[in-house]
**Q** 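Have a look at this one before I ask anything.
Atoms within a ligand are numbered from 1 in the order they appear, just like the ligands themselves. No experiment lies behind these values; they were computed from the predicted model shown.
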Amino acid sequence: MTFTLINPSTGVAFQEVSRATVDEVDAAIARAVQAQRSWAALPPVARADALRAFARAVEDHVEELAALEVRNSGHPISSARWEASHVAQVLNFYAGAPERLSGQQIPVAGGLDVTFHEPYGVVGIIVPWNFPMTIASWGFAPALAAGNAVVLKPAELTPLTALRLGELALAAGLPDGVFQVVTGQGSVVGERFVSHPGVRKVVFTGSTSVGIGVAAGCAAALKPVTLELGGKSANVVFADADLEKAAAAAPGAVFDNAGQDCCARSRILVERSVLDRFMELLEPAVAAWRVGDPSLDETEMGPLISAGHRDTVSSFLDGADVAFRGSAPGGDGFWFAPTVVLAAPGDRIAQEEIFGPVVAVLPFDDEADAIRLANDTAYGLAGSVWTENLGRAVRVTRGVKSGVLSVNSHSSVRYWTPFGGMKASGLGRELGPDAAEHFTETKNVFFATDAS
Ligand code: NAD
């Protein structure tokens, strides 16, 4: 059995990829269990060297990986190059972790007490289709650094870069079985990662609804799970902000990756007194957003991932108060023009994750109102605050229940800082200085030293 991959820019099928059966998943997990023991037993410097070699292999194949992502996912080539380079950077960063994963010596009476950070064993990583390479690396790089083996399940629609990373890892010298990529359905491969006793930790990135089921399965199997889920992040623009800068940044904050970004600032909250001025500035910025052939260097936004997803995104515009739209090419690709709508807080378009290039604009009256509106969804992943008032920036960022916030910026991801969501956006954190430790269990050993 296979999946047919379709190029989102052309709508043309171009490759078949196999769907693993439960027996094949079990065989991969058995190989991982076997390989993990010797991987964990390597001196830390040897694991570090192997990860650096893997990083170099990725660096040497940035163009190839980027071209695969353009074809498979429709990402603009400039973004896809950044994504592939980011994978190498994440590997290099966590290559520093094996030699830093030290425990503690704790003062106790009658002996010596020492803690060890021990790997879980096999980690199952389940990733979505929106950033296939980068999100996978946030899990596998620190997990491998900590001495775990990894089985990675890419999304059905976007397996190609994950498969290539698996080949590059082997070619770079990672021992066979330490890093495996298993393609297939979530309900088969993903569910088996959750239920199989050989997988000792699960990392899931995807929708909140599927994540809740994964968490329930992990609870039943008593295994830890990290959940990186959906978002409906707010871009809060105060009257005292540099409005030109805020408006110029707003399209990138939501239309990057065609809005198929968990951190998309898909609600713009604007202080009522500057709403008209802000909309005047936003309209030309949206019109200038370059949507088109993802293989061209100048393209800022490609197509949506599939025809079905385009139908879902379109459904959000039924009855919506569209303020203005950008442009999109015609043809058989899954194109969708960037769209700005005016919305009220309770509207579906202001509450649900759309995961497409649609942004809802809502006015607010004062600082308290801005915080209340920013928190007025089930999600809590990212967000931005635009203001020239430092005290206000501190108060608002402390008041918004989101895991990743930025002031006068829409930056969300730096691999050396923690990333993750609050509320329905997830549990646990990836990236940052502590991520490798999150792939370990602490063991405490007491050595009696009394002579008697
Ligand atoms: P999805 O939940 O449909 O699928 C995600 C992954 O889970 C896929 O690999 C899928 O095959 C697998 N899966 C499906 N059913 C499963 C099951 N029963 N058991 C185990 N695995 C299963 O999500 P998607 O449509 O691929 O991705 C979009 C979603 O991902 C959006 O909600 C987006 O916000 C979220 N996302 C979150 C982050 C984050 O870091 N918080 C990052 C990227 C995407």
**Q** Give the residue and atom name of whichever protein heavy atom lies nearest to atom 18 (N) of ligand 1, and the separation in Å to one decimal.
**A** E191 OE2, 3.2 Å
**Q** Taking the six-membered ring of Y94, is NZ or CZ of R47 closer than 6.0 Å to its centre and within 45° of its axis?
**A** no
**Q** Quick one: which of L160, V58, L165 gives a side chain to side chain contact (heavy atoms under 4.5 Å, CB included) with M133?
**A**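 When L160, V58, L165 are each tested with M133, the side chain to side chain contact (heavy atoms under 4.5 Å, CB included) holds only for L165.
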**Q** Starting from atom 10 (C) of ligand 1, what is the nearest protein heavy atom, named by residue and atom, and what distance separates them?
**A**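 Residue, atom and distance for the closest contact: E156 OE1, 3.7 Å.
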**Q** Looking at ligand 1, is there an atom of it that comes within less than 4.0 Å of some heavy atom belonging to F193?
**A**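 Per 4.0 Å heavy-atom rule, F193 does not contact ligand 1.
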**Q** Do the two ring centres, one from F355 and one from W129, sit under 6.0 Å apart?
**A**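 Yes, they do, as the ring centres are separated by less than 6.0 Å.
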**Q** Rounded to the nearest 0.5 Å, how far does CZ of R429 lie from CD of E228?
**A** 7.5 Å
**Q** Given N130, V210, L431, identify the one with the heavy atom nearest to atom 15 (N) of ligand 1.
**A**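 Selected option, by shortest heavy-atom distance: V210.
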**Q** Looking only at protein heavy atoms, which one is nearest to atom 14 (C) of ligand 1, and how far off is it?
**A** G186 CA, 3.6 Å
**Q** Of the protein's non-hydrogen atoms, which lies at the shortest distance from atom 24 (P) of ligand 1, and what is that distance?
**A**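 Going atom by atom, the protein heavy atom closest to atom 24 (P) of ligand 1 ends up being W129 NE1, 3.5 Å.
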**Q** Please verify whether a non-hydrogen atom of G426 lies at under 4.0 Å from ligand 1.
**A**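 False for this residue.
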**Q** Does F419 reach ligand 1, in the sense of a heavy atom lying below 4.0 Å from it?
**A** yes
**Q** Report yes if T208 has an N/O atom closer than 3.5 Å to an N/O atom of ligand 1; otherwise report no.
**A**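 By distance alone, the answer is no.
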**Q** side-chain hydrogen bond (donor to acceptor under 3.5 Å, both in side chains), that's the test. Do T339 and R325 meet it? Break it down for me.
**A** CA-CA 4 Å; T339 305; R325 304 190 77 180; 2.7 Å; yes
**Q** As an exercise, identify every atom of ligand 1 less than 4.0 angstrom from a heavy atom of I126.
**A** 6 (C), 7 (O), 9 (O), 12 (C), 20 (C), 21 (N)
**Q** Ligand 1 and G184, any nitrogen or oxygen pair closer than 3.5 angstrom?
**A**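 So ligand 1 has no N or O lying under 3.5 Å from an N or O of G184.
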**Q** Is atom 4 (O) of ligand 1 touching the protein, meaning some protein heavy atom lies under 4.0 Å away?
**A**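 Under the 4.0 Å cut-off, atom 4 (O) of ligand 1 has no protein heavy-atom neighbours at all.
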**Q** For R392 and T387, does a side-chain donor sit closer than 3.5 Å to a side-chain acceptor?
**A**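 On atom types as modelled, these side chains do not qualify, holding no pair under 3.5 Å.
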**Q** Take a 6.0 Å sphere around NZ of K423 and say whether it holds more than 12 heavy atoms from other residues, nucleotides or ligands.
**A** yes
**Q** For ligand 1, is there an N or O atom under 3.5 Å from any N or O atom of Q185?
**A** no
**Q** Show me which atoms of ligand 1 lie under 4.0 Å from any heavy atom of V214.
**A** 19 (N), 20 (C)
**Q** So for ligand 1, is K153 a polar contact partner (N or O within less than 3.5 Å, distance only)?
**A**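 Indeed, backbone or side chain, K153 has an N or O that close.
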**Q** Is the ring pair F238/F364 parallel, tilted or perpendicular, if the boundaries are 30 and 60 degrees?
**A** perpendicular
**Q** Please determine, by modelled atom types, if T440 and E118 share a side-chain donor-acceptor pair under 3.5 angstrom.
**A** no
**Q** Tell me yes or no: between the side chains of S295 and D293, is some donor less than 3.5 Å from an acceptor?
**A** yes
**Q** For atom 38 (C) of ligand 1, what's the nearest protein heavy-atom neighbour? Residue, atom name and distance, please.
**A** C262 SG, 3.0 Å
**Q** Enumerate the atoms of ligand 1 whose separation from the nearest heavy atom of L381 is less than 4.0 angstrom.
**A**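 Close to L381: 41 (N).
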**Q** Under 3.5 Å between some N or O of ligand 1 and some N or O of S187?
**A** no
**Q** Give me the residue, atom name and distance of the protein heavy atom closest to atom 37 (C) of ligand 1.
**A** L229 O, 2.9 Å
**Q** Between R56 and E59, is there a side-chain N and carboxylate O pair less than 4.0 Å apart?
**A** no
**Q** Can you see whether H410 engages W386 through a side-chain donor-acceptor pair at a distance of less than 3.5 angstrom?
**A**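 Judged by distance alone, the side chains do not pair up.
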**Q** Are K232 and E352 close enough for a salt bridge, meaning some N to O gap below 4.0 Å?
**A** no
**Q** May I ask you to identify the nearest protein heavy atom to atom 32 (O) of ligand 1, giving residue, atom name and distance to one decimal place in Å?
**A**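 For this ligand atom, the closest protein heavy atom is E353 OE1, 2.6 Å.
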**Q** For atom 28 (C) of ligand 1, which protein heavy atom lies nearest, and how many Å away is it?
**A**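 Of the protein heavy atoms, F355 CE2, 3.5 Å lies nearest.
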**Q** Can you confirm if the aromatic rings of F140 and F439 lie within a centre distance of less than 6.0 Å?
**A** no
**Q** Under a 4.0 angstrom heavy-atom cut-off, which atoms of ligand 1 come close to I135?
**A** 42 (C), 43 (C)
**Q** For atom 20 (C) of ligand 1, which candidate among G190, S412, G213, G206 holds the nearest heavy atom?
**A** G190
